[in-house]
Chemist: 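Following this message is one structure expressed as C-alpha cells.
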Amino acid sequence: MTAIESFDTIYLDLSKEPGKCRFAENGLGWKPIGGGEAVTIDQSNIGGAQWSRAAKGYEVKILMRNSGLTTLDGFQKEDYERLSKLFKNWYSTNLENKEHSLRGWNWGKAEFGKAELTFNVQNRPGFEIPYSEISNINLAGRNEIAVEFAGQNGAASHKGKRAAAGMDQLVEMRFYIPGTTTKKEAEGGDGDAASDAEEEKNAATLFHDTLIEKAEIGETAGDTIATFLDVLHLTPRGRFDIDMYDTSFRLRGKTYDYKIQYEAIKKFMVLPKPDDMHYLLCIGLEPPLRQGQTRYPFVVMQFKADEEVSLDLNLTEEELKTKYKDKLLSHYEQPLHQVVAYLFRGLANKKITAPAKDFTTHRQQFGIKCSIKASEGFLYCLEKAFMFVPKPATYISYEQTQSITFSRVGGAVSALSTFDITVVLKNGAGSSQFSNINREDLKALEDFFKLKGLRVKNEIDEDANMLAAAMRDQAMDSSEEETAGPKADRGSADEDEESVDEDFQAESDSDVAEEFDSDHESSGSGSAESDVDNDVGEEEGDDEEPEEEEPPKKKKKTG
C-alpha cells in the first residue's frame, strides 16, 4: 500500500478557500474542501522546495523544473520535520529553511531567480515576485521601473492567480535603480575595450530588459504574427510599434510598453474622421490600460486613409487552415487601417463596429465636431451607443441613456450658430455634455434620436418661441406709438426740450448781467438798488415796466 501524508486547512497560492493536501511517493495533490478541481504535481517536476514563515502560518514553496512555482500555506511549525523527511526520501529534495528579512528597509539588491524576482535585504529575502504575476513592465523614468501585476480581471488565464485571491490587491510596484553598467559586465565577458563606451548601459534599462525577458512580456520576433511600425496613437498619446501575437498584442513605445491580452478587448470600432483623410481605430479595454495613476479604457489609433500596405502573416498554411480558418488570410494588400482591423477581428474574435448608417451630418459625414469641456473631438452615433474620441474617449450606450436635451449656448457669441447636447444617464449615473455643435446638424440629430426611441427635449425651440413672442409684443408696442401721433406722451423728454432749456437760457443771461456787469444800471443785489430802479421807471413813463420788475423776482426765486 502506498504511503500517504495528509495535511488539512492548507491554502494553495493564497486561495480564499482552504483544502486538503496529500503527499505521496509519486507526487502531491491539493483539493479544496468545498469541492472543485484538484491540483496535482508530479514527482519528476519538483525541482526544489523552501520552508518559510508566511501569511497563514508556515509556507512550503515548490519550485518546478518547468520554471513555475506553487505555494502551500497554512502549515504548523512542528510540521517542518515531517515535511523535510518526506521531501528528502520521496522527491530527493532538501526542504530549505529560509528566513525573511524583518528590518523593513526599502533598499536592497534584486536577484533574478528561475521563477521569481527576489528582493534581498542583507542577504535575506524581503519579498519575492513570481514572474507569472507580472503583466507589464515600463520605464517610468531614467532610473525608475514600474512593474504592473495581473489584476483580478486580468490578462491570461495562467496570470494573476494570486492577485485574484483577495479584494485588495497590489497593482503596481516601482523600483529606483541608480547608476550605469556595461553590457560586458552584465554578461560577464571580456568585450572590446574600445567599445565599452558604446556598450555602457543605464542600470535601470538593463533591469527592465532582463525582467521583460524573464517574465516573458516581450515574445521573440519569431512569435509575432504581424508587426506594424510607428503607428500614431491619440490615446495614450505617442507613436507605438504594434506586435500581434497569438493571444495578445504589444504596444512598444520609447518610454512605455504595454502587453494586452485579446481577452481584455470588449469593443472594437472603426471611425472615419470628418476630414476624409484619416480613420480612427478605437479599442475598448476592460480592465483599462494603466500609465501610472492614469487609466485609459480606450486605445485610439489614427491611420491615413490612403496609406496602403502589403503584408504576409507569419503563419503556416496548417495554422491558417485549422486555427484561423475563415478568420485570417495569408496575404493582405489593402489600406493599412483595414488590415489592422481585419487582424484584430480575426485574432481577438471581436466584431467591428462602425457608425450608424441612419445618421450623417449636413456635410454627409459621420463624425460631429464638438467638445467635452475644453477638449475638442468628434462625436459618433453608433447603432447602439454614442462614442466621443479622442480624449477623453467616452462611450455611452443608448440603453443607459434616460434623456437627451438640446440647449442653446448660454451667453455665447455663437449662440445662434451652435448648440449643446446633454445626455442624462439612468439611475442617477450622472450626465455628459457635448458642446459647440453646428446648428445645421440639429434636425438630423433630433430625427435620429427619435428613430432610436430616445427621449428628446428641445429647449432651443422653446427659447425660439419665447423670443418670437417677445418680438411680437415689442412690435405691437412700437405700432401703438406710431398711431398716437405727435401728441403722444413722451414722458420727461418733452419737459427737457420745452421748459428746461428755455428757463436755463433766460436765467443764465440775467444772472450773469446782475453779478458781473458793473455798468448794468438795472441790476443789483440789494433792495435799495431795486427801489431806485422802480422810481426811475415811474418818472419816465416806461412801457416796459413789468419787464424791469422781472429780474428782482427771479433773483428772489433763485437767491
Chemist: If you measure from CG on L271 to NE2 on H278, what distance do you get to the nearest 0.5 Å?
Modeler: 14.5 Å

Chemist: Nearest 0.5 Å, please: how far is OG1 in T205 from CD1 in I177?
Modeler: 9.0 Å

Chemist: Please find the pair of heavy atoms, one from S375 and one from P392, that lie closest to each other, and give the distance.
Modeler: CB-CD, 3.9 Å

Chemist: Does E5 come within less than 4.0 Å of R82, counting only side-chain N to carboxylate O?
Modeler: yes

Chemist: Indicate, with yes or no, if the rings of F344 and F268 have centres closer together than 6.0 Å.
Modeler: yes

Chemist: So, do Y245 and Q261 sit near enough that their side-chain heavy atoms are less than 4.5 Å apart?
Modeler: no

Chemist: With side chain to side chain contact (heavy atoms under 4.5 Å, CB included) as the test, would you mind laying out the steps for I62 and T71 before giving the verdict?
Modeler: CA-CA 6 Å; I62 301 172; T71 59; over 6 Å; no

Chemist: Looking at H337 versus Y279, is the centre-to-centre ring distance below 6.0 Å?
Modeler: yes

Chemist: Quick one: list whatever passes ring-ring contact (aromatic ring centres under 6.0 Å, His included) with Y91, sequence neighbours left out.
Modeler: F87

Chemist: Does R295, at its CZ atom, have more than 12 non-hydrogen atoms belonging to other residues, nucleotides or ligands within less than 6.0 Å?
Modeler: no

Chemist: Quick check: does any side chain N or O of S432 sit under 3.5 Å from a backbone N or O of V423, one acting as donor and the other as acceptor?
Modeler: no

Chemist: I'd like to know if the side chain of W30 reaches the main chain of A38, judged simply by a donor and an acceptor atom lying under 3.5 Å from each other, with no hydrogens or angles considered.
Modeler: no

Chemist: Kindly state whether the ring of F449 and the ring of F359 have centres lying under 6.0 angstrom apart.
Modeler: no

Chemist: Is it true that a side-chain atom of R239 and a backbone atom of D230 form a donor plus acceptor pair closer than 3.5 Å?
Modeler: yes

Chemist: May I ask you to decide if the ring planes of F7 and F23 are parallel, tilted or perpendicular, using 30° and 60° as cut-offs?
Modeler: perpendicular

Chemist: Before accepting this row, confirm whether a basic side-chain N of the pair E383/K452 lies closer than 4.0 Å to the acidic partner's carboxylate O.
Modeler: yes

Chemist: Decide yes or no for K85 and W90: does some side-chain heavy atom of the first lie under 4.5 Å from some side-chain heavy atom of the second?
Modeler: no

Chemist: For the residue pair D243 and T224, confirm or rule out a side-chain donor-acceptor distance under 3.5 Å.
Modeler: no

Chemist: For R103 and Q122, test the side chains for any donor-to-acceptor distance below 3.5 angstrom and give the result as yes or no.
Modeler: yes

Chemist: Measure the CZ-CZ distance between F119 and R124 for me, rounded to the nearest 0.5 Å.
Modeler: 15.5 Å

Chemist: Walk me through whether Q43 and N26 qualify under side-chain hydrogen bond (donor to acceptor under 3.5 Å, both in side chains).
Modeler: CA-CA 5 Å; Q43 179 265 343; N26 59 348; over 6 Å; no

Chemist: Counting C-beta onward and ignoring hydrogens, is there a side-chain heavy-atom pair between F303 and V231 closer than 4.5 Å?
Modeler: yes

Chemist: Less than 4.5 Å apart, any side-chain heavy atom of L343 and any of L311?
Modeler: yes

Chemist: Working note: S44 + D42, criterion side-chain hydrogen bond (donor to acceptor under 3.5 Å, both in side chains); need CA distance, chi angles, decisive distance, verdict.
Modeler: CA-CA 5 Å; S44 61; D42 191 76; 2.5 Å; yes

Chemist: Where the side chain of E319 meets the backbone of T316, is there a donor-acceptor pair that is under 3.5 Å apart?
Modeler: yes

Chemist: Looking only at heavy atoms, which two atoms of G48 and T93 are closest? And how far apart?
Modeler: CA-CG2, 3.6 Å

Chemist: State whether the side chain of D209 and the backbone N or O of L206 hold a donor-acceptor pair below 3.5 Å, judged by distance alone.
Modeler: no

Chemist: Would you call the rings of F434 and F386 parallel, tilted or perpendicular, where under 30° means parallel and over 60° means perpendicular?
Modeler: tilted

Chemist: Measure the NE2-CG distance between H208 and L139 for me, rounded to the nearest 0.5 Å.
Modeler: 4.5 Å

Chemist: Looking at OG1 of T353 and CE of M387, how far apart are the two atoms once the value is rounded to the nearest 0.5 Å?
Modeler: 10.5 Å

Chemist: Just so I know, are the side chains of L251 and H233 near enough to count as touching, which here means a heavy-atom distance under 4.5 Å?
Modeler: yes

Chemist: Heavy-atom distance under 4.5 Å between the side chains of F228 and V339, does that happen here?
Modeler: yes

Chemist: Taking the six-membered ring for Trp, is the centroid-to-centroid distance between Y380 and F366 below 6.0 Å?
Modeler: no

Chemist: Output all residues satisfying ring-ring contact (aromatic ring centres under 6.0 Å, His included) with F112, sequence neighbours left out; order by chain, then residue number.
Modeler: F207

Chemist: Got more than 12 heavy atoms from elsewhere within 6.0 Å of NZ, K31?
Modeler: no

Chemist: Does Y131 reach the main-chain N or O of K114 with its side chain, forming a donor-acceptor pair under 3.5 Å?
Modeler: no

Chemist: Do any N or O atoms from the side chain of Y398 and from the backbone of L382 form a donor-acceptor pair under 3.5 angstrom?
Modeler: yes

Chemist: Under 6.0 Å from the CD atom of E399, do we count more than 12 heavy atoms belonging to anything else shown?
Modeler: no

Chemist: Nearest 0.5 Å please: distance from the CG atom of L12 over to the CD atom of E17.
Modeler: 11.5 Å

Chemist: Would you name the heavy atoms of P390 and G377 that are closest together and state the gap between them?
Modeler: CD-CA, 4.0 Å

Chemist: A side-chain contact here means heavy atoms from C-beta on lying under 4.5 Å apart; do L234 and L280 qualify?
Modeler: yes

Chemist: Taking the six-membered ring for Trp, are the ring centroids of F378 and F388 within less than 6.0 Å of each other?
Modeler: no

Chemist: For residues A203 and P178, report the shortest heavy-atom separation together with the two atoms involved.
Modeler: CB-O, 3.7 Å

Chemist: Do T180 and N202 get their side chains close enough for a donor-acceptor pair, meaning under 3.5 Å?
Modeler: no

Chemist: Take a 6.0 Å sphere around CZ of R290 and say whether it holds more than 12 heavy atoms from other residues, nucleotides or ligands.
Modeler: yes

Chemist: Can you tell me which residue among W51, F75, Y11 is in a ring-ring contact (aromatic ring centres under 6.0 Å, His included) with Y58?
Modeler: W51

Chemist: Hydrogens and angles aside, do D13 and S15 bring a side-chain donor and acceptor to less than 3.5 Å of each other?
Modeler: no

Chemist: Mark yes when over 12 heavy atoms from residues, nucleotides or ligands other than N123 sit less than 6.0 Å from its CG; otherwise mark no.
Modeler: no

Chemist: Please determine whether a side-chain nitrogen of the Lys or Arg among K323 and D246 lies less than 4.0 Å from a carboxylate oxygen of the Asp or Glu.
Modeler: yes

Chemist: Verify the neighbour count for atom NZ of K350: are there more than 12 heavy atoms of other residues, nucleotides or ligands below 6.0 Å?
Modeler: yes

Chemist: Other residues, nucleotides and ligands only: do more than 12 of their heavy atoms fall within 6.0 Å of NZ on K325?
Modeler: no

Chemist: Identify the two heavy atoms, one from A385 and one from S397, that lie closest to each other, and give their separation to 0.1 Å.
Modeler: CB-CA, 3.5 Å

Chemist: So do the side chains of K426 and T401 get within less than 4.5 Å of each other, counting heavy atoms only?
Modeler: no

Chemist: Provide the closest heavy-atom pair for L281 versus A341 in the form atom of the first, atom of the second, distance.
Modeler: CD2-N, 4.1 Å

Chemist: Hey, is E144 close enough to R174 for a salt bridge, meaning N to O under 4.0 Å?
Modeler: yes

Chemist: For S84 and Y80, indicate whether the former's side chain and the latter's backbone hold a donor-acceptor pair under 3.5 Å.
Modeler: no

Chemist: Taking atom types as modelled, find out whether K273 and Q302 have a side-chain donor-acceptor pair closer than 3.5 angstrom.
Modeler: yes

Chemist: I'd like to know whether F127 forms a side chain to side chain contact (heavy atoms under 4.5 Å, CB included) with M173, so could you lay out the CA-CA distance, the side-chain angles of the two residues, the decisive distance to 0.1 Å, and finally the verdict.
Modeler: CA-CA 12 Å; F127 58 85; M173 180 181 289; 3.8 Å; yes

Chemist: Do E128 and K61 meet the salt-bridge criterion of a basic N to acidic O distance under 4.0 Å?
Modeler: yes

Chemist: Is the NZ atom of K56 crowded by more than 12 outside heavy atoms at less than 6.0 Å?
Modeler: yes

